[in-house]
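Input: a single structure, listed below in structure tokens.
Protein chains get the first letters and strands the later ones, always in sequence-line order, with residue 1 at the start of each. For clarity, every value in this text was computed on a predicted model and none was experimentally measured.
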Number of protein chains: 2
Amino acid sequence: MAKASTVYDVAAHAGVSIATVSRVLRRPADVRASTREKVLASVWELGYVPSANARGLAARRTGVLGLYFPNLDAMEELDDAEFHGSGLVEVVRDMPDSGLVRPPNLYFDEVLRGSELEAWRQGFALMVGVGRGAFPADMVNDIAGRVDGMAVLAQSVPDAVLEHVSRRIPIVLIAGPRRGDDYDHVSVSNAAGMDALTTHLLDVKGVTNFAYLAGPEDSPDGAERFDGFRRALENRGLDPDASPVLRGGFSRQRGREVTTELVNTGMLPRALICANDQMALGALDVLRAHGVGVPSDVIVTGFDGIEAGSTASPRLTTVRQPMVDLGRAAMRAMLSRLEDPKQPPISLRLPVKVLLRESSEGPPS
Amino acid sequence: MAKASTVYDVAAHAGVSIATVSRVLRRPADVRASTREKVLASVWELGYVPSANARGLAARRTGVLGLYFPNLDAMEELDDAEFHGSGLVEVVRDMPDSGLVRPPNLYFDEVLRGSELEAWRQGFALMVGVGRGAFPADMVNDIAGRVDGMAVLAQSVPDAVLEHVSRRIPIVLIAGPRRGDDYDHVSVSNAAGMDALTTHLLDVKGVTNFAYLAGPEDSPDGAERFDGFRRALENRGLDPDASPVLRGGFSRQRGREVTTELVNTGMLPRALICANDQMALGALDVLRAHGVGVPSDVIVTGFDGIEAGSTASPRLTTVRQPMVDLGRAAMRAMLSRLEDPKQPPISLRLPVKVLLRESSEGPPS
DNA sequence: GGATCGAGTGTAAGCGCATACAACGAGCGA
DNA sequence: TCGCTCGTTGTATGCGCTTACACTCGATCC
């Protein structure tokens with residue numbers, strides 16, 4: 001690493017001009033085979049790796065797509081304790097509530113994988129940023145300066161900032177509400193999914209007595225799901241306002257708290273509809289602890305389709321979101337916009353899948 | 001996005017020179033307050049976002065750290081079927097083996113999160129790359145040209161390529177074997193962890209009859225774990241070669257297959273030690289299906305500490321790797337190398353934690 | 001055999017920014 | 001009052017690459 005070599009070094013070493021070196025790397029067909037090999041040999045010998053900065057500057061494109069997340073995991077609060085463990089190994093008894101579980105498989109992991117996959121397929125690299133700290137807007141700006149386009153997760157960026165950076169690069173919104181026709185937008189069928197699930201419980205399982213465990217007030221996805229729930233009831237002539245609605249916070253812990261309330265007040269419904277899987281898992285925790293049978297006494301359902309729901313017992317009935325596809329679709333929309341900036345706004349709704357499992361259906365046959 | 005504005009536009013609009021614009025953004029304290037505000041107003045009005053390429057070129061650093069993974073998920077094989085679903089919602093009965101489960105929470109997700117966190121803390125952005133396709137080396141090269149330093153997951157890059165790019169930027173190896181003193185290296189105490197777990201089984205549970213479900217031949221981590229297993233037996237005067245060793249492939253499916261063999265041949269041991277959690281979960285699947293009690297008849301243990309292991313039933317005894325910390329440590333090592341290129345090679349071993357759960361200990365008290 | 005053509009290569013002009021250095025003016029001490 | 005310093009701003013250069021354009025030279029054509 002003494003001093004990274006440049007096109008000039010390679011050109012000198014191979015006895016050609018820098019333009020030829022550049023051509024060998026960009027459009028090898030334009031160079032005579034013998035020259036090409038000479039240059040490649042020099043590249044290898046000098047350990048030459050082209051600077052993406054210089055290339056991007058000259059070519060007016062970076063070849064990078066960006067993905068920006070809000071900081072839902074609050075990981076910045078981790079301290080450094082683990083780096084200073086006393087020894088190499090520690091043996092502990094891990095009780096169900098030890099808090100030793102690892103960070104859950106977040107929504108984001110899959111969106112990220114999908115994004116990376118699609119970006120790669122199209123020949124782009126992917127840059128990720130997580131909004132946290134005092135100045136998330138700075139991070140957005142920073143990323144915006146590094147990429148050819150950026151996908152942004154719902155509500156994670158103030159409108160003003162979004163508008164600012166969108167003057168430089170195309171922006172794609174993932175999930176959340178559509179914001180007018182200003183940005184391309186990909187999301188999933190939240191309402192239709194919750195509607196279908198509720199309708200199944202109404203029609204097939206004959207449930208009429210519900211409680212709804214809602215997400216935080218400000219979640220647009222949560223709101224859409226709730227709408228779907230209400231719509232299903234209305235379609236069957238039931239009064240949607242008759243079902244108690246408990247406000248949660250999308251966390252397992254909040255699911256536990258709210259369910260505990262329900263148990264303590266003796267107001268357990270026949271079916272507990274949760275706005276996401278985490279809360280539903282929290283509900284299962286509490287119901288099991290109180291000896292309430294699921295689904296015999298209470299049916300529990302979630303939304304998202306996280307892995308933990310499929311290994312819980314009973315396995316959790318849920319609505320699976322195509323999160324990987326969400327990421328892929330976002331990148332596609334972005335590239336399509338890059339190709340044709342003047343096309344009309346893209347707005348994509350990805351289909352969801354209701355997964356009926358033992359928390360609503362009973363033991364598998 | 002008509003045309004991204006530049007320093008020149010901002011300078012003209014604010015009636016200052018480009019140097020002043022640059023200063024306002026880089027070292028605001030060097031500029032008189034009134035000028036600063038004038039410039040910032042222009043920045044905002046013009047939707048100016050500085051080009052990281054130009055900045056990086058001029059400043060000779062990118063402000064980006066890289067993370068490179070091998071493609072263990074084989075996700076590129078996904079096709080586009082899901083994009084063409086017939087409707088918005090589909091309702092399906094999801095049996096335990098429907099294959100509808102989502103991609104597992106990979107090792108990588110957490111390494112990635114840790115990396116991003118630490119990079120952010122140090123004021124860097126993170127770029128990720130997954131090796132796949134015909135020319136993974138190209139991807140490595142591409143990333144290397146974009147970043148100030150790169151962390152690489154075990155065995156994912158050929159030595160020659162590694163050596164090539166390491167002439168341009170510092171490289172940190174994550175997990176896997178150390179390769180001489182050429183690179184900085186962070187890993188976990190695989191052997192010590194497996195040793196401690198096995199020793200617990202020997203001393204506390206009184207197990208003497210083992211079978212070992214090993215990973216693929218070429219996994220250095222797998223080899224270290226196996227060494228730990230053998231070491232524990234030797235330390236207690238047992239013959240390590242007496243325990244049958246089944247070769248797996250680190251996948252749940254392989255775990256199932258191998259365990260099925262064990263069941264069919266009636267050679268079930270008292271304890272089945274698996275080289276990772278995925279295989280252990282596969283073993284649990286099969287044992288449950290055959291009515292074999294865990295841990296009453298057979299004790300099962302894993303390695304890694306993935307989330308699915310903590311929601312399985314019985315919950316899986318395992319050795320938890322600090323994967324998030326692994327990512328963080330890699331970034332730290334990189335930055336430390338960046339600060340002082342001449343310091344001696346860094347080699348870090350992170351501690352692991354043996355988590356005793358119901359698959360070895362029986363029901364919680 | 002000279003004009004024409006095309007493949008292959010070189011020349012040179014930026015791309016948008018950071019920054020060393022120069023320039024300038026106001027405040028200061030002597 | 002003169003020269004000096006310090007704070008503030010402008011000028012000019014270069015970071016490493018891509019690419020339009022010019023150029024060379026042997027092959028082709030009439």
message = I want to check something: taking the side chain as every heavy atom from C-beta on, are B:Glu116 and A:Val128 in contact at a cut-off of under 4.5 Å?
response =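 Sidechains of A:Val128 and B:Glu116: in contact.
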A:Arg61 side chain near A:Phe124 side chain, heavy-atom distance below 4.5 Å:
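A side-chain contact exists here, since the closest heavy-atom pair is under 4.5 Å.
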Note to self: With a cut-off of less than 4.0 Å, is there a side-chain N or O of A:Thr6 near OP1 or OP2 of D:dG16?
What the structure shows: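 The answer is no; no side-chain N or O of A:Thr6 sits under 4.0 Å from OP1 or OP2.
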Quiz prompt | Working for side-chain contact (heavy atoms from CB on, under 4.5 Å), residues A:Arg146 and B:Arg146 | solution = CA-CA 10 Å; A:Arg146 302 179 181 283; B:Arg146 302 179 180 283; over 6 Å; no
What's the [atom1]-[atom2] distance between [X] and [N], to the nearest Å?
X: A:Leu25; N: D:dC17; atom1: CG; atom2: P; answer: 9 Å
X: A:Asp30; N: D:dA20; atom1: CG; atom2: C1'; answer: 13 Å
X: B:Arg27; N: D:dT9; atom1: CZ; atom2: P; answer: 14 Å
X: B:Asp148; N: D:dC15; atom1: CG; atom2: P; answer: 18 Å
X: A:Ile18; N: D:dC15; atom1: CD1; atom2: P; answer: 12 Å

Hey, does the side chain of B:Arg337 reach the backbone of B:Pro170 with a donor-acceptor pair shorter than 3.5 angstrom?
->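 Checked: no pair found.
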Heavy-atom contacts under 4.0 Å between residues 58-68 of chain A and DNA chain C, which residues?
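Within this stretch, A:Ala58, A:Arg60 sit under 4.0 Å of the strand.
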Base, sugar-phosphate alone, or nothing: which one does [X] contact when heavy atoms must sit under 4.0 Å apart?
X: B:Thr20; answer: sugar-phosphate
X: A:Val21; answer: nothing
X: B:Ser22; answer: base

Should we count CD of B:Gln343 as having more than 12 external heavy atoms under 6.0 Å?
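Yes, because the 6.0 Å sphere around CD of B:Gln343 holds more than 12 heavy atoms from other groups.
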From CA spacing to verdict: side-chain contact (heavy atoms from CB on, under 4.5 Å), B:Tyr8, B:Val21 | CA-CA 9 Å; B:Tyr8 296 100; B:Val21 175; over 6 Å; no
- Message: Determine whether a donor-acceptor pair (one donor, one acceptor, N or O, separation below 3.5 Å) exists between the side chain of A:Tyr8 and the base of D:dC17.
- Response: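 Result: at least one qualifying N/O pair found.
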ask   = Given that B:Asn53 and B:Ala19 both sit by DNA chain C, which one's nearest nucleotide is further toward the 5' end?
value =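 This one resolves to B:Asn53.
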Taking only N/O atoms, report every protein-nucleotides 24-26 of chain D pair under 3.5 Å with atom names and distance.
none

Quick one: do A:Met127 and A:Tyr68 satisfy side-chain contact (heavy atoms from CB on, under 4.5 Å)? Show the steps, please. CA-CA 9 Å; A:Met127 164 157 299; A:Tyr68 182 82; over 6 Å; no
Item to complete: With side-chain contact (heavy atoms from CB on, under 4.5 Å) as the test, would you mind laying out the steps for A:Leu338 and A:Leu335 before giving the verdict?
Response: CA-CA 5 Å; A:Leu338 240 23; A:Leu335 291 165; 4.2 Å; yes
TODO: Would you grab the first and last nucleotide of DNA chain C (5' to 3') that comes under 4.0 Å of any non-hydrogen atom in chain B?
DONE: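 Reading along DNA chain C, I get C:dG16 to C:dA20.
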*asked:* Between B:Arg23 and B:Asp30, does any side-chain N to carboxylate O distance fall below 4.0 Å?
replied: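 So B:Arg23 does not pair with B:Asp30 through a salt bridge.
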**Q.** side chain to side chain contact (heavy atoms under 4.5 Å, CB included) partner of B:Met150, the single match among B:Leu67, B:Val64, B:Ile169
**A.**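 Output: one option passes, namely B:Ile169.
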### Message
Return whichever of B:Ala54 or B:Val31 has its heavy-atom-nearest nucleotide of DNA chain D closer to the 5' end.
### Response
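The residue whose closest nucleotide sits nearer the 5' end is B:Val31.
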Which nucleotide in the set D:dT19, D:dG16, D:dT9 lies at the smallest distance from any side-chain heavy atom of B:Leu57?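 Nearest listed nucleotide: D:dG16.
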